[in-house]
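Okay, structure first, notes after.
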Amino acid sequence: MLPAPLPRPEPISNAEYRARREALMSQLPADSAVLLPGAGMVTRSRDSDYPFRQNSDLHYLTGFAEPDALLLLLPGRSEGESVLFCQDRDPSLEAWNGIRLGAEGVVREHGVDQSFENAERDERLEALLDGRTGLYLMLGDAEAMALADDIRGRLASRARRGARPPQRYIDLAPLLHEMRLIKSEGELALMRHAARISAMAHRRAMLAARPGLAEYHLQAELEHEFRWHGSSGPAYASIVGGGANACVLHYIENNAPLRDGELVLIDAGAEFDLYAGDITRTFPVAGRFSDAQRDLYEVVLTAQQQAVAAVRPGVTLAELHEGVVRDLTAGLIRLGLLAGDIEARIEDESYKRFYLHSTSHWLGLDVHDVGDYRTEGKPRPLVPGMVLTVEPGLYVPDAEDIAQPYRGIGIRIEDDVVVTAEGHEVLTDGVPKQVAEIEALMVNE
Ligand code: GLY
Ligand code: MN
Ligand code: MN
C-alpha cells in the first residue's frame, strides 16, 4: 500500500513577506533603493530548460515564483514602496508554458504595492530610480550590476536635463542575509517539513539497501519519497557513495554497485517550499556493521552527538568544531590510526588526513545558507532561530600505512538543528543513527 502523503504546512503569508520588506526598508536611508533581480530560465540543451528555481533572496522578500522578476524597494515612496516587475502577459506563450500572473495578478496574489510588466521595465526603472542616491544590490551579482550600470548610464546622460542618477552602490547582502539567518516560526514549520520528508527518504533507502543493487537504486528510493510528499525534489545533488566512494566528499555519480561487507554513505535532503533538508547517514549495505566499521562509526557518532548536545545560545560553530576535532582525534588515536598525544595531533593537524571539512553550516533557503559566520572579527555566538547542520565525518584513505580493515571507509553523520531559547531542537531525528537501531531497521523490517 502506498504511504499516506504528509499534510502540508502553511505557506509563508503575504503579511510575512510584507513585514520582511518593511523590516529591510526600515534599515535603509530614505533616499535609497533596493534593486533585486530574480532568477531566469536556464537552458539545459537546445530548447529544453532546467526546472525553474526562484532566486532565494527574491523568494524571501516576495514568495513570487515566476522567472525574470525584479523587485524594487523604494522607502518612503507615496505611490508604493514595493514594486515588482514581472513577465508580460502573452496568451500564445501562456498556452504552452502556463499562466503568467501579469501586473494585476501580482498585486492581487502577492500583496506588493505596485507591479509592472517587463515591457515597461527599463523606462519605469529610470523614472523610479531618479533621485535615489544609494542603490542597494548584490554586488556579487553580475546581472544586477549590469542592470544598475545601464540605468545609471541612462540617467547620467540626462543629467543636464535634471536627472539624478544613483551616486553609489551598497552591498545588500549583509542586511538581507542577516535577516535570512534568523528563521521565523513560519520558516521553521517549512524546515521541519523538509527535514521530516528527508528523514523518511533516508529510512526508505535503508530499508531498500542490499548487495547487488547499485547506488542509483537508493537515489531512486530517496527521490521517490521526496516527490511523493510534495517536495520539489532534492535540495542539492544527492550523494550515494558505496565503499570508498564515501570518501569523495561531493561524489554524485551514484552509478557503482553496492557490495556486501561495505558501508554506503547517503547525503541527501528534500527541498520544500524552497527550504532545504540536509541529512547524512552511513550504514552497512547488508545491514550489519563489521567490527572495524562499527569502531569507526562509534567515533563519528559520539563526536556528532556531543556536538548536537552542545548547541545552545552563546556557543559558536568554531567551538562545536573544536569539540568534534578533539573527539575524532581521540578516537583515531584509540584505533591506532594516529599515534601519540591528542594535543600534539590536534596541534600538528594530522587529523586532517581523515577529517578535512568543517562541522557545521547554516541551513535555510540555500543548503549552505547565507549569513556571516563571524562578527566583530570573531566566530559569532548562536542565537535562537538559527538553523545549522552538525556533520562530522571520518574518511580513511585506502593507503598502505593504514590498517587493512579501516582502508577506504568513509563515514559522515549529519543532522539539522534549530537553536532555541532553551538549547536546541533536532529536526532530523526521524531516521536512526545508533548502530543497534540501524541494524534492527535493516535486518528485521
Ligand atoms: N550536502 C552538502 C552538505 O552536507 O554540506
Ligand atoms: Mn549534507
Ligand atoms: Mn550539510
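From a predicted model like this one, the values you see are computed outputs, not experimental measurements.
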Worksheet entry | Point-to-point distance, once rounded to the nearest 0.5 Å, from CG of L172 to CG of D141 | 10.5 Å
Worksheet item: Roughly how far, to the nearest 0.5 Å, is the OH atom of Y297 from the CD1 atom of I409?
Response: 13.0 Å
Worksheet item: When the ring planes of Y275 and H59 are compared, do they come out parallel, tilted or perpendicular, using 30° and 60° as the limits?
Response: perpendicular
Discussion item. Check this for me, if you would: do E343 and R326 make a salt bridge, where the nitrogen-to-carboxylate-oxygen distance has to be below 4.0 angstrom?
Written reply: yes
Item to complete: Please assess L176 against Y60 for the test side-chain contact (heavy atoms from CB on, under 4.5 Å), listing each intermediate value before the final yes or no.
Response: CA-CA 9 Å; L176 185 54; Y60 181 79; 3.9 Å; yes
Item to complete: Might you point out which heavy atoms bring S231 and G233 nearest each other, and give the distance in Å?
Response: OG-N, 2.8 Å
Discussion item. When you compare the side chains of Q219 and E223, does any donor N or O come within less than 3.5 Å of an acceptor on the partner?
Written reply: yes
Fill in: Nearest atoms (heavy-atom pairs only) where S238 meets F226
OG-CE1, 4.5 Å
Item to complete: Determine, step by step, whether H321 and Y355 satisfy the ring-ring contact (aromatic ring centres under 6.0 Å, His included) criterion, reporting the C-alpha distance in whole Å, the side-chain angles of both residues, the deciding distance to 0.1 Å, and the verdict.
Response: CA-CA 11 Å; H321 184 66; Y355 183 48; 5.7 Å; yes
Worksheet item: Quick one: does E16's side chain get under 4.5 Å of S184's, heavy atoms only?
Response: yes
Fill in: Min side-chain heavy-atom separation F85-L125 under 4.5 Å
yes
Item to complete: Identify the two heavy atoms, one from H202 and one from I266, that lie closest to each other, and give their separation to 0.1 Å.
Response: CE1-O, 3.3 Å
Discussion item. For L84, is there any backbone N or O sitting under 3.5 Å from a side-chain donor or acceptor partner on S115?
Written reply: yes
Worksheet item: Just by distance, do the side chain of T389 and the backbone of E391 share a donor-acceptor pair under 3.5 Å?
Response: no
Fill in: Backbone of E66 reached by a side-chain donor or acceptor of Q54 within 3.5 Å
yes
Worksheet entry | Point-to-point distance, once rounded to the nearest 0.5 Å, from CE of M41 to CG of D49 | 4.0 Å
Item to complete: Indicate yes or no for a side-chain donor-acceptor contact from H229 to the backbone of S198 under 3.5 Å, with no hydrogens or angles considered.
Response: no
Fill in: Main-chain N/O of L258 paired with E215 side-chain donor or acceptor, under 3.5 Å
no
Fill in: Polar contact flag, side-chain donor to acceptor under 3.5 angstrom, T133-D31
yes
Discussion item. Between R132 (side chain only) and P75 (backbone N and O only), is there a donor and an acceptor less than 3.5 Å apart?
Written reply: yes
Worksheet entry | CH2 on W362 to CG on L317, rounded to 0.5 Å | 4.0 Å
Item to complete: Carefully, step by step, assess V367 and E271 under the rule side-chain contact (heavy atoms from CB on, under 4.5 Å).
Response: CA-CA 9 Å; V367 63; E271 181 178 75; over 6 Å; no
Practice prompt. Could you tell me the separation between the CZ atom of R21 and the CZ atom of R18, rounded to the nearest 0.5 Å?
Written response: 5.5 Å
Worksheet item: So, do V308 and Q305 sit near enough that their side-chain heavy atoms are less than 4.5 Å apart?
Response: no
Worksheet entry | Salt-bridge present (E437, K433; N to O < 4.0 Å) | no
Worksheet item: Any side-chain heavy atom of V387 within less than 4.5 Å of one from L188?
Response: yes
Worksheet item: Does N254 reach the main-chain N or O of Y216 with its side chain, forming a donor-acceptor pair under 3.5 Å?
Response: no
Discussion item. So L249 and L356, do their side chains get closer than 4.5 Å, heavy atoms only?
Written reply: yes
Worksheet entry | From CD1 (I342) to CG (D327), nearest 0.5 Å | 8.0 Å
Worksheet entry | Heavy-atom neighbours of I252 CD1 exceed 12 at 6.0 Å | no
Discussion item. Applying side-chain contact (heavy atoms from CB on, under 4.5 Å) to T62 and Y17, what does each step give before you reach the verdict?
Written reply: CA-CA 6 Å; T62 65; Y17 288 119; 5.6 Å; no
Item to complete: Tell me yes or no: between the side chains of R345 and T329, is some donor less than 3.5 Å from an acceptor?
Response: no
Item to complete: Please test V112 against V83 for side-chain contact (heavy atoms from CB on, under 4.5 Å), starting from the C-alpha separation and ending with a verdict.
Response: CA-CA 6 Å; V112 291; V83 181; over 6 Å; no
Worksheet item: Can you find a pair of side-chain heavy atoms, one from L265 and one from I239, that are under 4.5 Å apart?
Response: yes
Worksheet item: Would a line drawn from the ring center of Y236 to the ring center of H250 be shorter than 6.0 Å?
Response: no
Practice prompt. Take the angle between the ring planes of W228 and H224 and call it parallel below 30°, perpendicular above 60°, tilted in between.
Written response: parallel
Item to complete: State whether the side chain of R407 and the backbone N or O of I402 hold a donor-acceptor pair below 3.5 Å, judged by distance alone.
Response: yes
Worksheet, complete the sentence: All heavy atoms of P313 vs all of A421, minimum pair found to be CG-O, 3.8 Å
Item to complete: Output yes when D415 and R281 qualify as a salt bridge under the 4.0 Å nitrogen-oxygen rule, no when they do not.
Response: yes
Worksheet entry | Heavy-atom closest pair, residues I411 and Q293 | CD1-O, 4.1 Å
Fill in: Charged N-O contact under 4.0 Å between D416 and R196
no
Worksheet item: Under 3.5 Å, is there a donor-acceptor pair between the T43 and R46 side chains?
Response: no
Worksheet item: Is the closest basic N to carboxylate O distance between R334 and D295 below 4.0 Å?
Response: no
Discussion item. With heavy-atom distances below 4.5 Å as the criterion, would you say the side chains of L137 and V34 are in contact?
Written reply: no
Discussion item. I'd like to know if K183 and D369 make a salt bridge, using a cut-off of under 4.0 Å between side-chain N and carboxylate O.
Written reply: yes
Item to complete: Taking E10 for its side chain and G186 for its backbone only, find out whether a donor-acceptor pair lies under 3.5 Å.
Response: no
Discussion item. Minimum heavy-atom separation for R168 and R152, please, with both atom names.
Written reply: N-NH1, 4.1 Å
Practice prompt. Examine the side chains of D278 and H361 and answer whether a donor and an acceptor come within less than 3.5 Å of each other.
Written response: yes
Item to complete: Return yes if a side-chain donor-acceptor contact under 3.5 Å exists between E221 and H217, otherwise no.
Response: no
Practice prompt. State whether D68 and R100 are salt-bridged, where the test is any N-O pair (Lys NZ or Arg NE/NH1/NH2 against Asp/Glu carboxylate O) under 4.0 Å.
Written response: no
Practice prompt. For the residue pair P379 and E319, establish whether any side-chain heavy-atom pair is separated by less than 4.5 Å.
Written response: no
Worksheet item: Does L274 offer a backbone N or O that forms a donor-acceptor pair with the side chain of R53 under 3.5 Å?
Response: yes
